[in-house]
Amino acid sequence: MGSDTKPKKSIVLNVFVMTLDISPLVYGGTPTTSRGGSTKYRTEWRGYDVYRNSLDPAKISGAQWPVNEPFSVVAAMAAATESIGFGVTASTTYEQPYHLARRLSIVDHLSKGRLGWNIVTGCLDSAARNMGFTEQPKHDDRYAQAEEYVKVIYKLRESSWRDDAVKLDRKSGIYIQPSLVRPINHKGKFFTVPGPHICQPSPQRTPLVLQAGTSRAGKQFAAQHAEAIFVSAHAPEVCAKSIAEVRELAKTKFGRDPTNIKVLALVLPILGRTEEEARAKLADYRQYASHDGALALFGGWTGVDLDQYGDEEELRQVESNAVQSIVEGYARFSPGTAKWNKHMMAEHVAIGGNGPIFVGTPSQVADGLEAWVTEADVDGFNFVSWFAHTLDYSLSPTPRIPKAYALFPQSFKDIAELLIPELRSRGLFWDDYAVPGGTYRENFYQKPGQTGPLDEHVASSYRWRANVPPEEHIVQD
């Protein structure tokens with residue numbers, strides 16, 4: 001007799017880390033953390049300066065400030081690890097694609113193919129001002145530029161060099177066959193890039209493509225390009241519709257298998273061997289939270305400065321529809337909260353950010369994760385420790401490393417030591433990498449040999465494959 005029960009997903013686990021300080025960053029990237037599967041680092045050109053129209057709250061609390069350049073750090077961490085994948089966030093708005101293509105190639109070479117590119121378009125005017133503009137382009141214009149940008153990247157990385165262009169032939173004295181490297185001659189609305197790509201093909205050619213965006217333009221972009229999508233919501237039903245829409249677009253408009261797009265939900269797990277231990281950890285963490293740091297983060301994420309409202313003002317009753325909508329989203333999943341003023345918002349943002357907090361034993365947290373997989377059709381989780389970036393240092397028992405700072409990397413150690421065994425016992429997580437020492441993409445799809453984008457992916461159509469004569473492979477426009 002047949003069964004309609006779906007096989008359990010082997011979930012993908014990712015860790016989100018800001019390059020705030022070299023020492024904790026490197027500590028957080030040890031093999032203990034890498035057991036989770038992959039790690040994402042973020043590079044930005046600005047700080048969160050919306051709250052109070054100032055960077056000071058972010059500076060004081062360390063709310064994602066300062067932010068170091070992650071490509072060099074990832075290269076060093078790759079040298080100390082074997083299989084973990086590293087996703088680096090880089091914008092398509094403020095850096096020329098020719099330059100980024102080179103950096104992506106170098107780090108993909110140094111990591112032996114373990115690099116991913118998290119594509120963003122930017123979100124703050126301060127980034128634009130620091131890059132020589134008066135303001136950032138409009139939302140849809142940024143996505144139009146991103147669309148051309150990634151195609152320039154595909155041309156450089158997939159079409160400029162034939163797979164077998166590098167000969168390394170000592171007998172003939174030929175390092176690279178000149179006829180197998182060519183310009184791309186791209187001329188578009190936003191970019192003119194003659195090429196050729198300055199680096200020889202790296203192990204993946206195009207790094208694993210990651211993306212986050214739930215706007216109409218963001219969904220279209222993700223449906224065509226993303227191999228992994230990051231989502232954030234306080235409950236699975238909030239993002240389930242958006243996930244379904246992206247999968248449907250990928251299938252009907254771009255001819256992709258929607259199950260090949262892996263969706264990762266932002267989550268903060270706080271684990272204990274007993275529920276009481278986990279709740280005690282949460283209570284301990286809360287006493288060190290910086291409300292100003294949390295509101296600096298909130299302003300950066302939403303563009304809304306809550307400093308304009310009074311301390312006791314009910315945010316669900318202010319004139320701004322945008323503020324009402326955002327606050328209602330938080331209030332819907334915390335019905336016991338009587339009043340939502342800016343301090344209550346800060347308390348919720350300081351720990352957990354824009355995602356849910358799962359507090360409890362490994363079994364209880366695993367139950368919560370399984371519910372998300374079932375109800376929202378996510379494929380994995382993006383574990384964060386936002387609290388480490390919203391600390392009140394005046395409450396710290398030591399000048400530099402506060403007690404609560406143990407959440408990073410301790411929360412990731414708890415995941416490795418407590419949660420991973422529970423997920424494995426349920427058949428939800430693998431015992432080892434599918435390809436130890438393999439590329440990010442091979443282990444992401446659990447397919448040995450899948451170093452480049454899947455055949456169904458748009459980047460694959462740009463590939464100049466071995467033995468294909470130059471006249472038979474046209475650089476797509």
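- At least one donor-acceptor pair closer than 3.5 Å links the side chain of Arg114 to the backbone N or O of Thr81.
- Counted within 6.0 Å of CZ on Arg102, heavy atoms from surrounding residues, nucleotides or ligands total 12 or fewer; the atom is thus considered open.
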Task: Check against side chain to side chain contact (heavy atoms under 4.5 Å, CB included), Gln200 and His109 - done: CA-CA 9 Å; Gln200 69 186 64; His109 275 298; 3.8 Å; yes
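- Using modelled atom types and a 3.5 Å distance limit, the side chains of Lys253 and Gln220 yield a donor-acceptor pair.
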Open item on the list: Go through it in stages, so that I can follow the logic: the residues are Arg247 and Asp377, the test is side chain to side chain contact (heavy atoms under 4.5 Å, CB included), and I'd like the CA-CA distance, side-chain angles, deciding distance and then a yes or no.
Closed with: CA-CA 10 Å; Arg247 294 198 196 278; Asp377 192 28; 2.9 Å; yes
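- Here the straight-line distance linking atom CZ of Phe16 with atom OG1 of Thr89 works out to 6.0 Å at 0.5 Å rounding.
- No donor-acceptor distance shorter than 3.5 angstrom exists from the side chain of Gln224 to the backbone of Val458, with no hydrogens or angles considered.
- For the residue pair Leu297 and Val349, the shortest heavy atom distance occurs at CB-CG1, 4.4 Å.
- In this structure, Tyr154 has its ring center closer than 6.0 angstrom to the ring center of His225.
- Looking at Lys447 and Leu454, their side chains come closer than 4.5 Å, going by heavy atoms from C-beta outward.
- Although no hydrogens or angles enter the test, the distance criterion places a donor-acceptor pair under 3.5 Å between the side chain of Glu442 and the main chain of Gly449.
- Distance check: Leu428 CG to Leu423 CG gives 6.0 Å after rounding to the nearest 0.5 Å.
- Residues Phe71 and Leu100 form a side-chain contact, since some pair of their non-hydrogen atoms from C-beta on lies under 4.5 Å apart.
- His139 places a side-chain heavy atom less than 4.5 Å from the side chain of Arg142.
- Rounding to the nearest 0.5 Å places CZ of Phe444 at 7.5 Å from CG of Asp379.
- Checking side-chain atoms of Glu422 against main-chain N and O of Arg424 turns up no donor-acceptor pair under 3.5 Å.
- Nearest heavy-atom pair across Ser105 and Arg157 is OG-NH1, 2.6 Å.
- Within 6.0 Å of NZ on Lys112 lie no more than 12 heavy atoms contributed by other residues, nucleotides or ligands.
- Looking at residues two or more places apart in sequence or on another chain, you find a side chain to side chain contact (heavy atoms under 4.5 Å, CB included) between Thr92 and Trp117, Ile119, Thr121, Ala146, Tyr149.
- At least one donor-acceptor pair closer than 3.5 Å links the side chain of Arg256 to the backbone N or O of Ala223.
- Residues Leu419 and Phe429 are not in side-chain contact: their nearest non-hydrogen atoms beyond the backbone lie 4.5 Å or more apart.
- With hydrogens and angles ignored, the 3.5 Å screen pairs a side-chain donor or acceptor of Trp464 with a backbone N or O of Val468.
- In this structure, Phe298 CZ and Met345 CE are separated by 4.0 Å, a value rounded to the nearest 0.5 Å.
- At least one donor-acceptor pair closer than 3.5 Å links the side chain of Gln204 to the backbone N or O of Arg441.
- Atom OH of Tyr433 sits about 11.5 Å away from atom CD of Gln446, to the nearest 0.5 Å.
- Looking at heavy atoms from C-beta onward, Pro203 lies out of side-chain contact with Thr451 at the 4.5 angstrom threshold.
- Of all the heavy atoms in Glu275 and Thr361, the pair that sits closest is N-CG2, 3.5 Å.
- No hydrogens or angles considered: a donor-acceptor pair under 3.5 Å links the side chains of His186 and Glu148.
- Counting only distance, with no hydrogens or angles, the side chain of Lys155 and the backbone of Gln476 share a donor-acceptor pair below 3.5 Å.
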Open item on the list: Between Ile84 and Met77, does the side chain to side chain contact (heavy atoms under 4.5 Å, CB included) criterion hold? Intermediate values first, please.
Closed with: CA-CA 10 Å; Ile84 184 175; Met77 293 176 66; over 6 Å; no
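- Among pairs with a residue in residues 200-218, those fulfilling salt bridge (Lys or Arg N to Asp or Glu O under 4.0 Å) read Asp140-Arg216, Glu158-Arg205, Asp163-Arg205, at least two apart in sequence or across chains.
- Using a cut-off of 4.0 Å between Lys/Arg side-chain N and Asp/Glu carboxylate O, Asp455 and Arg463 are scored as not salt-bridged.
- For the pair Ile270/Ser411, no side-chain contact is recorded, criterion being any heavy-atom separation below 4.5 Å from C-beta on.
- Side-chain contact check for Tyr462 versus Val475: every heavy-atom pair is 4.5 Å or farther apart.
- Dense packing is recorded around CZ of Arg465, with more than 12 heavy atoms of other residues, nucleotides or ligands lying under 6.0 Å away.
- The two residues His473 and Ser461 make their nearest non-hydrogen contact at CE1-O, 4.3 Å.
- For the atom pair CG (Leu115) and OG1 (Thr206), the distance works out to 11.0 Å, reported to the nearest 0.5 Å.
- Within the 4.5 Å cutoff, the side chain of Val246 has no heavy atoms near those of the Val263 side chain.
- Taking both residues in full, the closest heavy atoms of Gly116 and Tyr440 are given as N-CD1, 3.5 Å, listed atom of the first, atom of the second, then distance.
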TODO: Apply side chain to side chain contact (heavy atoms under 4.5 Å, CB included) to the pair Phe383 and Leu268, showing each step before the final yes or no.
DONE: CA-CA 6 Å; Phe383 292 134; Leu268 172 58; over 6 Å; no
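- Residue Gln211 comes nearest to Gly218 through the heavy atom pair NE2-O, 3.5 Å, listed as atom of the first residue, atom of the second, then distance.
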